[in-house]
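Everything numeric in this text was worked out from a predicted model, so none of it was measured. Quick note: numbers below take in every heavy atom, side chains included, and nothing from hydrogens, waters or symmetry partners.
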Amino acid sequence: MFTKILIANRGEIACRVAATARRMGIKTVAVYSEADASAKHVAVCDEAVLIGPPAAKESYLRADKIIEVALASGAQAIHPGYGFLSENAAFADACAQAGLVFIGPPASAIRAMGSKSAAKSLMESAKVPLVPGYHGDDQDAEFLQTQADRIAYPVLLKASAGGGGKGMRIVERSADFKAALASCKREAINSFGDDKVLVEKYLTRPRHIEIQVFADSHGDCVYLFERDCSVQRRHQKVLEEAPAPGMTQERRSAMGEAAVAAAKAVGYVGAGTVEFIANQDGSFYFMEMNTRLQVEHPVTEMITGLDLVEWQLRVAAGQRLPLQQAELAINGHAIEARVYAENPEKGFLPSIGALRHMHTPNAVSFRLGDEGHAATPAAVRIDSGVRQGDAISPFYDPMIAKLIVWGHDRQQALARMAQALSEYQIVGLASNIAFLQRLIASQPFASADLDTGLIERHHDTLFPATAKAGLPVLALAAAALLASERHGGGEPWADASGWRLNSALQRNLDYADEGHAYPVGVTYRADGWDIASGGDHAHMSIAAQHGTHFTLKLGEHTVQGNVVRDGETFHVFTGGAHVALVCTDPLAHAGEAEAEGGRLTAPMPGKIVAVLVAAGAKVDKGTPLLIMEAMKMEHTIAAPSDGEVDELLYAVGDQVAEGAQLLSFKVAGESKKK
């Protein structure tokens, strides 16, 4: 077995590998970019070496530098995690040439399965069912459009070297094909260095089911059952679960045996995932093989009680698989939710900033079996590469954590996921926690009516209008403000207890969220306050306060919650919900009346990758004007109304800061530039 390994990755997967290696008595070496100098994975490894600037291509994608660090540190092997160099055949070859073990499959297997086109050709020769499509080398735009017209719309464009939802576009009609192709190719070249695409028939209401396979260098290969990854946004997974709901033993065996056959066909060694797209009638088609450990591997670990990273290390060291197929069994049900720094209400736009407050549900990181054997899973597990105070930067994927739950059956797992999400608190940037709560509770997911279009099809249910905050929420926000004022910092002149001679102090607090304003009237009493808003009123007193946690007596009711203040924003966590209320002091903002409506500004730091109009162009509302790339995703900036492009302020290739005005725009019928 190895005595020291280098982890050529960052975030939660680097922390995950480090934890297993430590349990096995293996030392670990972390690499980090300048943006990750204080990152969690740097702290949990035994050694850490600076690898380069923040941009991945200058740090985590520098294969030569990583190998140099591994050799200098005395590491015997490199674990690539997932993403970055994990499916790079040239890197696997370079490791071997340097005398280092690449903890992954042989380079030949990566090459065979790394290209979606080549993999589909291989599966076709092996008689594995394929979705109708074109997987060849001819990349002429006219030819590809002819192929799409032949297949019939809708079609799916996919980057041949891609993964993780990057470089994928659904095209509904022939007229949209070339614009979608150009966008797909841009994203593919930026993410993978290869703009080759394939064209496939886009199936309606398909499920995304994948099989976890594991092979050793002695010729043994097993499948560790399936995961359902159908719930996706922008072709990226949001929820994963195992086993797949409704899976029959006959179908499980057929898919598992097909996956093993695919792995053996390329001489596979290590952990891999064979992905299938499945119709509602039970038929399934090969999509691709990911030649690495997957982000969603914890759900497989939870239902098998196995540590797949330990299996990776043992197999890479030349050992046999710890278990054979007949010894593997499914125990219970597991669900994983990806907690992201993003704003679902704004098209899942990634969010950057510091995690100024983060409270997580009670969980364990790992409780898996020793020596690769099964153990009883914990109810809640969190895999994360960040801590409170850390920043989510624009350079990498905005994942905060993976929240994984286990139950004896799906119903119990759903209940545990709902409870765990209700306990998760994040302040400092936008997150998808409230969206995940709605998704878990939605009728289609709860009833396992799953397909890859679930989120889009149930958009109105999953994105309801913002509900008005009730008096209990407003009372908690007001109590936090009043309590902070009452303390007065120990100075008698700063005391704000509200004492008045022969009268009661009355004041108004102005709160607001994104959809509503809440005037709150407060009357000071000797035993607390009278609070009123929107026709509701009650007497309020603070029964207990422990840090940011308040227990209030509100009329005849007791209200509890956590209130985290971030500047003028009061983040109220109560009853499993999170409400952000801004309390504005008008005097503090005198003179800040400059209108921002209609300004075409950058939603986050990024790079201009396409300018679609010229200065002077007259456009209709919704017309695409330019395209930005940020956090490896493209974002289209569209005209806010009918009007004219007055001036372009940036060109293709320019880097822009968050909030930067991208162009000046004249609204139709107005002379004022926006």
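Side chain of D140 to backbone of F143: a donor-acceptor contact under 3.5 angstrom is found. Listed for the K40 side chain is no donor-acceptor partner under 3.5 Å among the backbone atoms of R387. Side-chain atoms of Q388 come within 3.5 Å of backbone N or O of M358 as a donor-acceptor pair. In terms of modelled atom types and a separation under 3.5 Å, the side chain of S191 and the main chain of A188 share no donor-acceptor contact. Judged by distance alone, with hydrogens and angles left aside, the side-chain atoms of R565 form a donor-acceptor pair with the main-chain N or O of G567 at under 3.5 Å. Judged by distance alone, the side chain of K196 and the main-chain N or O of Q139 form no donor-acceptor pair under 3.5 Å. Panel note: side chain E172, backbone V155; no donor-acceptor pair is recorded below 3.5 Å.
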What do the steps show when you test H208 against Q232 for side chain to side chain donor-acceptor pair (under 3.5 Å), and what is the final call? CA-CA 9 Å; H208 183 141; Q232 304 176 5; 3.0 Å; yes
Evaluation steps, side-chain contact (heavy atoms from CB on, under 4.5 Å), between V563 and F573: CA-CA 6 Å; V563 186; F573 299 91; over 6 Å; no
Passes side chain to side chain donor-acceptor pair (under 3.5 Å), S431 versus Y424? Steps please. CA-CA 10 Å; S431 80; Y424 227 119; over 6 Å; no
Does R169 form a salt bridge (charged side-chain N to carboxylate O under 4.0 Å, His left out) with E187? I'd like the steps, not just the answer. CA-CA 10 Å; R169 298 290 185 276; E187 196 165 280; 3.2 Å; yes
Run the numbers on T360 and E423 for side chain to side chain donor-acceptor pair (under 3.5 Å), then give the verdict. CA-CA 6 Å; T360 60; E423 297 171 6; over 6 Å; no
Stepwise salt bridge (charged side-chain N to carboxylate O under 4.0 Å, His left out) check, E485 with R507: CA-CA 13 Å; E485 293 176 343; R507 64 186 290 200; 2.6 Å; yes
Let's go through L462 and S442 carefully: what are the C-alpha distance in whole Å and the side-chain angles of both, what is the deciding distance for side-chain contact (heavy atoms from CB on, under 4.5 Å) to 0.1 Å, and is it a yes or a no? CA-CA 8 Å; L462 296 173; S442 68; 4.0 Å; yes
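A donor and an acceptor atom, one from each side chain of N562 and T548, are located under 3.5 Å apart. No hydrogens or angles considered: nothing links the side chains of T601 and Q661 as a donor-acceptor pair under 3.5 Å. Counting only N and O atoms by type, the side chains of Q294 and E275 include a donor and acceptor under 3.5 Å apart. H357 and H571 form no side-chain donor-acceptor contact under 3.5 Å, judged by distance and modelled atom types alone. T466 and E514 form no side-chain donor-acceptor contact under 3.5 Å, judged by distance and modelled atom types alone. Remark: the D513 side chain and the Y518 side chain contain an N/O donor-acceptor pair separated by less than 3.5 Å.
Partners of A337 under the side-chain contact (heavy atoms from CB on, under 4.5 Å) rule, at least two apart in sequence or in another chain, are L239, M417, L436.
At a threshold of 4.0 Å, the pair R338-E296 counts as salt-bridged, since one of the basic side-chain nitrogens sits closer than that to a carboxylate oxygen. One finds no salt bridge joining R233 and E456 here, because no Lys/Arg side-chain nitrogen approaches an Asp/Glu carboxylate oxygen to under 4.0 Å. Ion pairing between R62 and E68 fails under the 4.0 Å rule for side-chain N and carboxylate O. Ionic pairing of E647 and K666 is not present here: no N-O contact between side-chain nitrogen and carboxylate oxygen is shorter than 4.0 angstrom. Using a 4.0 Å cut-off between charged nitrogen and carboxylate oxygen, E87 and R292 count as a salt-bridge pair.
The salt bridge (charged side-chain N to carboxylate O under 4.0 Å, His left out) contacts involving residues 606-621 comprise K618-E644, where partners must be two or more places apart or lie in separate chains.
Note that CZ of F91 is 10.0 Å distant from CG of L61, once rounded to the nearest 0.5 Å. Interatomic distance, L181 CG to R186 CZ, rounded to the nearest 0.5 Å: 10.0 Å. For the atom pair CD1 of I13 and CG of D397, the computed distance is 13.0 Å after rounding to the nearest 0.5 Å. Atom CG in L509 sits 6.0 Å away from atom CG in L482 (nearest 0.5 Å). Between the CG atom of L355 and the CD1 atom of I400 there is a distance of 5.5 Å, given to the nearest 0.5 Å. The OH atom of Y511 lies 10.5 Å from the OG atom of S533; values are rounded to the nearest 0.5 Å.
The nearest pair of heavy atoms linking V613 to A617 is CB-CB, 4.3 Å. Across H41 and G11, no two heavy atoms sit closer than the pair ND1-N, 3.8 Å. Shortest non-hydrogen contact noted between F550 and A479 is CE2-O, 4.1 Å. Across every non-hydrogen atom of G622 and A638, the tightest pair is O-CB, 3.7 Å. Here the closest heavy-atom approach between residue S38 and residue D390 is recorded as O-OD1, 4.2 Å. Between S59 and I66 the shortest heavy-atom distance is O-CD1, 4.3 Å.
The six-membered or imidazole ring of F348 lies away from that of Y340, with a centre-to-centre distance of 6.0 Å or more. Between Y60 and Y32, the distance from one ring center to the other does not fall under 6.0 angstrom.
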